[in-house]
Amino acid sequence: MSMRNWLAAPLLWVVAFAAQAQEKSYAYWNMPKGVTEISRDVYGLHMLIFWVVVVIGVGVFAAFFYSIWAHRRSRNPKPATFHESTTVEIVWTVIPFLILIAMAIPATGTLIKIEDSSDAEMTVKVTGYQWMWGYEYVGEDVSFISRLDRASDRARQVGSGIDPRTVENYLLEVDNRLVIPTDTKVRFLLTSNDVIHSWWVPEFGMKRDAIPGFINEMWARVDEPGVYRGQCTELCGRDHGFMPVVVEAVPPAEFERWLAEQKGESGAAEAAPAAAGTEVAAAEAGTTTDAAVDAGNEAADEAAAAAPLDKAELMTAGEKAYKANCVACHQASGEGMPPAFPSLVGSSVVNGETAQYITQVLNGKNAMPPFGHLSDKEIAGVVTYTRNSWGNESGPVQPGDVAALRQ
Ligand code: HEC
Ligand SMILES: [Cu+2]
């Protein structure tokens with residue numbers, strides 16, 4: 001290849017890539033500006049520092065190329081012999097030092113803003129699971145699981161024969177989106193139920209690790225309604241690539257309507273009187289620490305264990321817990337999605353020995369995650385509900401039965 005070709009080849013490659021990227025619209029030449037003040041600050045910092053680096057780069061390379069050219073051997077057969085210059089050394093130490101300080105000042109300002117989640121107007125607890133997200137609107141008694149949408153999930157299976165390009169928002173869509181209001185400071189409390197995950201929405205300019213046993217914080221005030229997509233960004237096991245984050249920001253009035261609707265759905269369960277007080281306390285305590293959740297749950301469990309609950313109450317609590325925790329895999333109809341997610345209709349586990357069933361819910365089994373974090377009443381409820389729905393008729397299970405099987 002001639003010299004000219006050597007130079008032309010990379011250039012052609014860049015042009016070709018650019019053209020192709022443009023066409024396929026996966027061209028992201030820069031980070032997104034985003035939809036929050038913080039994300040714009042972060043973008044501004046990024047651009048500021050980018051241009052500082054460009055100016056320094058141009059200056060250094062200009063001096064470098066000039067020196068090579070002006071002091072080349074053919075022009076100066078006798079090299080100069082000077083050595084050391086304290087002045088120059090001081091100058092080239094002090095100038096970069098000042099540049100670094102100048103860059104650190106705005107960066108620190110932004111970092112402090114990022115960390116300041118005080119005065120939040122609402123709080124969402126985000127829990128990472130292998131491999132989905134749990135969202136809880138703290139103090140609102142609304143919570144649900146958010147999983148990869150069915151269309152993406154079907155297409156991703158080996159040998160599905162489905163062209164992923166035909167699936168809209170392939171691997172970036174979920175069944176239940178996290179809905180938040182715009183122009184509202186929303187605080188996110190992040191934790192995990194199994195391994196470390198990380199909750200990331202690029203348009204918010206933030207990501208935070210969700211770590212089992214810890215609660216991390218972040219916040220966002222979104223100013224444009226829209227759907228913002230992100231992903232888990234901490235390698236968390238086999239299906240790490242299949243637990244997207246989808247946030248839908250809607251105007252506050254619309255959010256209030258949505259929230260009321262969600263509560264309406266679980267409204268029936270709210271009517272259940274026994275141990276309700278302790279459960280609310282547990283739910284609220286859940287906003288602060290895991291220990292408080294456990295304490296709250298225990299209080300609720302004790303209250304519930306004292307007297308056997310009647311079947312109707314277990315059924316209502318169970319339906320609610322089932323909808324919040326199990327439908328993602330086993331479907332509202334109980335039919336699941338065999339072969340990956342078995343049907344519970346007529347299942348020998350559901351209708352068989354209760355101890356085995358309860359243990360499976362507590363500890364999980366293969367791809368089914370453990371649900372030990374649910375209260376005894378919720379687990380007794382969910383077991384009762386599945387044993388007495390969709391044609392199953394196998395009788396109730398009490399919270400005490402669950403408590404006895406916890407390790
Ligand atoms: C992430 C998906 C997922 C969720 C959520 C889930 N399961 Fe499962 N479940 C599975 C998988 C996968 C299996 C098969 C496990 C195995 O045997 O390998 C299973 C099996 C079962 C079985 C045994 C069925 C049979 O006949 O083999 C029962 C019962 C069951 N799940 C109940 C529940 C209940 C109750 C909940 C909610 C508290 C729940 N599952 C939540 C994935 C899930
Ligand atoms: Cu993850």
Side-chain angles (χ1 to χ4, degrees), residues 126-134 143-150 153 157 171 174-176 190-201 207-212 216 230-245 314-315 317-392 394 397 402 405:
V126 179
T127 308
Y129 296 92
Q130 282 174 318
W131 289 273
M132 58 199 138
W133 295 100
S143 62
F144 53 84
I145 293 277
S146 178
R147 259 184 99 242
L148 184 66
D149 76 318
R150 306 285 84 227
D153 198 41
Q157 304 301 328
L171 301 186
V174 294
D175 50 0
N176 299 310
L190 302 110
T191 187
S192 168
N193 192 52
D194 34 51
V195 300
I196 303 180
H197 301 267
S198 186
W199 198 78
W200 179 44
V201 181
K207 71 163 98 154
R208 274 282 185 279
D209 277 7
I211 307 174
N216 280 341
Q231 283 164 312
C232 178
T233 55
E234 183 63 62
L235 186 56
C236 60
R238 194 192 62 207
D239 287 355
H240 163 62
F242 307 102
M243 51 181 295
V245 173
L314 285 165
M315 288 293 280
E319 182 173 8
K320 186 179 163 203
Y322 184 83
K323 281 189 173 148
N325 299 289
C326 320
V327 286
C329 301
H330 295 293
Q331 309 285 298
S333 64
E335 285 165 345
M337 286 169 279
F341 304 113
S343 168
L344 306 184
V345 181
S347 148
S348 60
V349 176
V350 172
N351 300 292
E353 199 202 325
T354 55
Q356 188 202 338
Y357 184 5
I358 293 169
T359 309
Q360 176 159 344
V361 177
L362 283 172
N363 304 334
K365 184 176 177 193
N366 302 322
M368 174 162 153
F371 290 93
H373 57 287
L374 299 181
S375 70
D376 291 349
K377 182 179 167 189
E378 282 171 309
I379 294 179
V382 93
V383 170
T384 303
Y385 175 72
T386 51
R387 281 164 66 83
N388 296 279
S389 301
W390 322 298
N392 294 343
S394 299
V397 164
V402 179
L405 288 164

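One-based numbering, in listed order, for ligands and for the atoms of each.
Neither the backbone nor the side chain of Ile379 has any atom closer than 4.0 Å to an atom of ligand 1 (non-hydrogen atoms only). Contacts with ligand 1 closer than 4.0 Å are made by no heavy atom of Ala321, backbone or side chain.
Residues that satisfy the salt bridge (Lys or Arg N to Asp or Glu O under 4.0 Å) test with Asp153, not counting sequence neighbours, are Arg150, Arg156. Residues that satisfy the salt bridge (Lys or Arg N to Asp or Glu O under 4.0 Å) test with Glu319, not counting sequence neighbours, are Lys323. Scored by the salt bridge (Lys or Arg N to Asp or Glu O under 4.0 Å) test, Arg147 finds no partners at all (sequence neighbours excluded).
Residue Asn366 has at least one heavy-atom neighbour below 4.0 Å for each of these atoms of ligand 1: 16 (C), 18 (O). Near Ala340, meaning under 4.0 Å from any of its heavy atoms, are these atoms of ligand 1: 12 (C). If you number the atoms of ligand 1 from 1 as listed, the ones under 4.0 Å from a heavy atom of Met132 come out as 1 (C). Listed by number with element, the atoms of ligand 1 under 4.0 Å from a non-hydrogen atom of Val350 are 29 (C). Taking a cut-off of under 4.0 Å to the non-hydrogen atoms of Cys329, the atoms of ligand 1 that pass are 1 (C), 2 (C), 3 (C), 4 (C), 5 (C), 42 (C), 43 (C).
A donor-acceptor pair is defined here as one N or O able to donate and one able to accept, closer than 3.5 Å; no such pair exists between the side chain of Trp133 and the backbone of Val126. For the pair Asp175 (side chain) and Ala328 (backbone), a donor-acceptor distance under 3.5 Å is absent. Side-chain atoms of Asn193 do not come within 3.5 Å of backbone N or O of Tyr129 as any donor-acceptor pair.
The shortest heavy-atom distance from Pro342 to ligand 1 is under 4.0 Å.
Where the criterion is an N or O separation shorter than 3.5 Å, residue side chain and backbone included, Tyr357 fails it with respect to ligand 1. Between Arg147 and ligand 1, a contact under 3.5 Å exists for no N or O pair. Between Tyr322 and ligand 1, a contact under 3.5 Å exists for no N or O pair.
Shortest non-hydrogen contact noted between Val382 and Cys326 is CG2-SG, 3.8 Å. Counting all heavy atoms, side chain and backbone alike, Ala340 lies closest to Pro342 at O-CD, 3.5 Å.
No side-chain donor-acceptor contact under 3.5 Å links Ser389 and Tyr322.
For atom 8 (Fe) of ligand 1, the set of nearby N, O or S atoms under 2.8 Å includes one belonging to Met368. Within the 2.8 Å limit, His330 places at least one N, O or S atom next to atom 8 (Fe) of ligand 1.
For atom 41 (C) of ligand 1, the candidate residues are Phe371, Tyr385, Tyr129; the nearest heavy-atom contact is made by Phe371. Comparing Met337, Lys365, Gln360, Gln356 by heavy-atom distance to atom 20 (C) of ligand 1, the nearest is Gln360.
Aromatic ring pairs are classed by plane angle as parallel below 30°, tilted from 30° to 60° and perpendicular above 60°; the pair His330 and Phe341 is perpendicular.
Tested against Asp209, the residues Leu190, Thr191, Asn216, Thr233 include a single side-chain contact (heavy atoms from CB on, under 4.5 Å) partner, Asn216. When the options Thr354, Asn351, Thr384 are evaluated for a side chain to side chain donor-acceptor pair (under 3.5 Å) with Ser394, the one that passes is Asn351.
For atom 27 (O) of ligand 1, the closest heavy atom belonging to the protein is Val349 CG2, 3.8 Å.
For the Cu ion (ligand 2), protein N, O or S atoms closer than 2.8 Å were enumerated as His197 ND1, Cys232 SG, Cys236 SG, Met243 SD, with waters left out.
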